[in-house]
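Residue numbers begin at 1 in each chain, while the letters A, B, ... track the order of the sequences. Worth saying up front: this structure is predicted, and the values here are computed from it rather than measured.
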Amino acid sequence: MAEPAEIVKGCMVIKPNGYAVWERLQRELDDRFKATDHQNIYLPLLIPESFLKKEAEHVEGFSPELAVVTHAGGKQLEEPYVIRPTSETIVGHFFAKWIQSYRDLPVLINQWANVIRWELRTRMFLRTTEFLWQEGHTAHASHEEALEEVVRMLDVYGDVAENVMAMPVIKGIKTRAEKFAGAVSSYSIEAMMQNGLALQAGTSHDLGQNFGKAFDVQFQSKEGKLDYVWQTSWGVSTRLIGGLIMTHSDDKGLVLPPKMAPRKAVIVPIFRKEEERGAVMEVATKLAKDLGAHVDARDGQSPGAKFFHWERRGVPVVFELGPRDVASGNIVLKRRDTGTKEVIPQTEAVAKLAETLDAMQHDLLAKARQRLKDNTVLANSIGEVEEILRPVTAEKGGGKFVMAHLKDDAANDARIKEFKASIRNIPLVDEYDGPGQCILTGETVDRRVVIAKSY
RNA sequence: CGGGGCGUGGCUCAGCCUGGCUAGAGCGCCUGCUUCGGGAGCAGGAGGUCGGAGGUUCGAAUCCUCUCGCCCCGACCA
């Protein structure tokens, strides 16, 4: 799917199979953005350095990871440009130009782009120096409306994660210590990987009027009063591909939920003699058309090699078609996730494929949900939490989502960090026992939070 | 930035400690024949300024100095 770029630190080359998965994700997300009235735009890659500094918390949060262009055209620039780590500041500038009246609101835009964050430690797909993502930016006339947008887009992310990627997530609010630099509050979807580690799979931020004030984005209300706009921003990235891989893959390689698979089915033709070839290829070509499948007609590769090839790439269904099947009017269907093989009449192939893809999509989600459930535990003391999570590492696995009552306070986040775990989020929906006493401060908090080790 | 590893045909690496003949292997690639229902076999073949610079030496992939880069593990993060 991808390989390290090698020539550029922390970057990767996303190869055709990986990029095709990204394109599927883009399609699913973009359709939903459009369906909720958002429009795509494109903003500059470079941002004047001074822009970043306009929002104090924002610059503080991002400064350490900025790549800065100081020279261009053979000369030193008067003001350096920052390569965007995200575009809130540049959006702020243009919102100020575009918005004067409540009639101009809401502004609902999205950008598909690449960004650069000079992280100290990178990891394929999960944290690369450059990554692809989408960033939605909206401006609203009221805080209520902005908050609705924040939750609406979080729901879109949750929908794609669960119903397309078959990756169950927990929606919730980040603690104040973990929120986006410059936001009033941040919402996230958190997924659990096969090793039990958490992956922040998407975020949606309530920016309040912070950027509105920093960039002077004012509008005149119906009542004639001037006010700053209420903004949101939300994004998911190529990290989702990493999440997909780590949610479903097995020892044999990638497993793609049918809805994420660029190729849902492949037919591997099998023939021994030249005279068998014609008959097999004829049937294979015809069936491929009906099935929307790809025929692997490569010469010089044995059928066995082809089976392994597609298996490793996660193609949901591989059909085997040989002289025997041509003679009997059957075809062999192999399902990727379970590995089960079935001989079916060719006439039923189309229906059987659809049925199998549906079942696989459903089963992968069910399996992932079960894993999430099995690895979520309750804890009622900090000692318990620490005991469960301290030994967990990405390599050793054994990760859990530990549900505990904990107050949203930076000191508490810091205590959790002592054993390298973190508060993933405060779930929007409390599936447990409601209010309880904070395991650190003893104060009453209204629900349990998710504590885990994460990528 | 701290710790560790690596740079030698397209890929993965051996060779380096203890300098010496024509720099090797596996995989991949090319040609031919036989194969083909779970990674085929045989035969022949192409392909390398040993990351870069300097030094020591009769002689350097190997020793020394400098340098560049990448990967992995910790502190920041979608």
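- Arg335(A) CZ to Thr340(A) OG1: the interatomic distance, rounded to the nearest 0.5 Å, is 6.0 Å.
- Comparing the C1' positions of rG52(B) and rA60(B) gives a spacing of 16 Å, expressed to the nearest Å.
- Counting non-hydrogen atoms under 4.0 angstrom, Leu240(A) reaches nothing in the nucleic acid.
- Counted by atom type alone, Arg424(A) and Ser454(A) present one or more donor-acceptor pairs between their side chains at under 3.5 Å.
- Here Phe180(A) lies out of heavy-atom contact (under 4.0 Å) with every strand.
- rC36(B) and rC50(B) have their C1' atoms separated by 40 Å, given to the nearest Å.
- At a threshold of 4.0 angstrom between heavy atoms, the contacts of Lys306(A) with the nucleic acid are absent.
- When the C1' atom is compared between rA61(B) and rC42(B), the two are found 34 Å apart, to the nearest whole Å.
- For the C1' atoms, the distance from rG38(B) to rA43(B) is 27 Å, rounded to whole Å.
- As the counterpart of rU35(B), no nucleotide is assigned, since no Watson-Crick or G-U wobble pattern has both distances under 3.5 Å.
- Only the C1' atoms considered, rG15(B) is 8 Å distant from rG24(B), to the nearest whole Å.
- Phe131(A) qualifies as a stacking partner of the rA78(B) base, centre to centre under 5.5 Å and near-parallel within 30°.
- Residue Val332(A) is the one, among Cys11(A) and Val332(A), whose nearest nucleotide of RNA chain B lies closer to the 5' end (criterion: closest heavy atom).
- Under the Watson-Crick or G-U wobble criterion, with both distances below 3.5 Å, rU62(B) has no partner in any strand shown.
- With both pairing distances under 3.5 Å, rC1(B) is matched to rG74(B) as a Watson-Crick or G-U wobble pair.
- rA14(B) and rC27(B) are spaced 14 Å apart, taking the C1' atom of each and rounding to whole Å.
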Q.
Determine whether Glu190(A) and Asn425(A) satisfy the following criterion, side chain to side chain donor-acceptor pair (under 3.5 Å), listing intermediate values before the conclusion.
A. CA-CA 8 Å; Glu190(A) 300 284 334; Asn425(A) 68 22; 4.6 Å; no
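- Gly10(A) comes within contact range of the sugar-phosphate backbone alone, with a heavy-atom separation under 4.0 Å but no base atom that close.
- With centroids closer than 5.5 Å and planes inclined by less than 30 degrees as the test, Phe307(A) and the base of rG38(B) fail to qualify as a stacked pair.
- Here Lys367(A) does not pair with Asp363(A) in a salt bridge; the nearest charged N to carboxylate O distance is not below 4.0 Å.
- Nucleotide rU12(B) forms a pair with rA25(B), judged by Watson-Crick or G-U wobble geometry with both contacts under 3.5 Å.
- Comparing rC36(B), rG37(B), rC76(B) by their nearest atom to the side chain of Arg324(A) picks out rG37(B).
- The nearest whole Å value for the distance from the NE2 atom in His58(A) to the P atom in rC76(B) is 20 Å.
- For rC16(B) and rC6(B), the P atoms lie 14 Å apart once the distance is rounded to whole Å.
- Rounded to an integer number of Å, the gap from Tyr455(A) OH to rC76(B) P is 18 Å.
- Residue contacts shown for Ser63(A) are absent, as no nucleic acid heavy atom lies under 4.0 Å away.
- Between Arg121(A) atom CZ and rG3(B) atom P there is a gap of 17 Å when expressed in whole angstrom units.
- One can place CE of Met124(A) at 13 Å from P of rC73(B), the figure rounded to the nearest angstrom.
- Remark: rG47(B) base-pairs with no nucleotide; criterion is Watson-Crick or G-U wobble with both hydrogen-bond distances under 3.5 Å.
- A residue-by-residue look at Phe308(A) and Lys273(A) shows that Lys273(A) has its nearest nucleotide of RNA chain B further toward the 5' end.
- Of the candidates rC76(B), rG37(B), rG39(B), rG37(B) carries the atom nearest the Glu320(A) side chain, counting heavy atoms from C-beta on.
- If you check every strand for non-hydrogen atoms under 4.0 Å, Arg277(A) touches nothing.
- A ring pair (Phe, Tyr, Trp, His ring centres under 6.0 Å) with Trp234(A) holds for exactly one of Phe33(A), Tyr187(A), Trp133(A); it is Phe33(A).
- In this entry rC6(B) has rG69(B) as its Watson-Crick or G-U wobble partner, both defining distances falling under 3.5 Å.
- With a 6.0 Å cutoff to the six-membered ring centre and a 45° limit on the axis angle, Arg239(A) does not count as a cation-pi contact of Trp22(A).
- For an aromatic pair to be called close, the ring centres must be under 6.0 Å apart, and Phe215(A) with His93(A) fails this.
- Note: CZ (Arg272(A)) to P (rG38(B)) measures 10 Å, nearest angstrom.
- Within 4.0 Å of Glu119(A), counting heavy atoms only, lies at least one base atom of the nucleic acid.
- No contact: Gly235(A) has no heavy atom under 4.0 Å from any strand.
- A close approach under 4.0 Å does occur between a side-chain nitrogen or oxygen of Lys420(A) and OP1 or OP2 of rA75(B).
- A sub-4.0 Å separation between OP1 or OP2 of rA40(B) and a side-chain N or O of Ser302(A) is present.
- Lys334(A) contributes a side-chain N or O that forms a donor-acceptor pair with the base of rG38(B) under 3.5 Å.
- Note on Lys174(A): nothing from the nucleic acid sits closer than 4.0 angstrom, heavy atoms only.
- No side-chain donor-acceptor contact under 3.5 Å links His309(A) and Glu311(A).
- Under 3.5 Å, the side chain of Gln301(A) and the base of rG39(B) form no donor-acceptor pair of N or O atoms.
- The gap from the P atom of rU49(B) to that of rG9(B) amounts to 9 Å, rounded to the nearest Å.
- Nearest nucleotide to the Pro303(A) side chain, out of rC72(B), rG37(B), rC73(B): rG37(B).
- When distances are taken from the side chain of Asp325(A) to each of rG37(B), rC36(B), rG39(B), the shortest belongs to rG37(B).
- Taking every side-chain heavy atom of Ser237(A) into account, rA78(B) is the closest of rC76(B), rG37(B), rA78(B).
- The CD1 atom of Ile270(A) sits 8 Å away from the P atom of rG38(B) (whole-angstrom rounding).
- Between Trp22(A) atom CH2 and rA78(B) atom P there is a gap of 15 Å when expressed in whole angstrom units.
- Distance Phe419(A) CZ to rA75(B) P: 14 Å, rounded to the nearest Å.
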Q: For the pair Ile245(A) and Leu254(A), evaluate side chain to side chain contact (heavy atoms under 4.5 Å, CB included) and give the outcome as yes or no after the intermediate values.
A: CA-CA 6 Å; Ile245(A) 295 168; Leu254(A) 193 60; 3.7 Å; yes
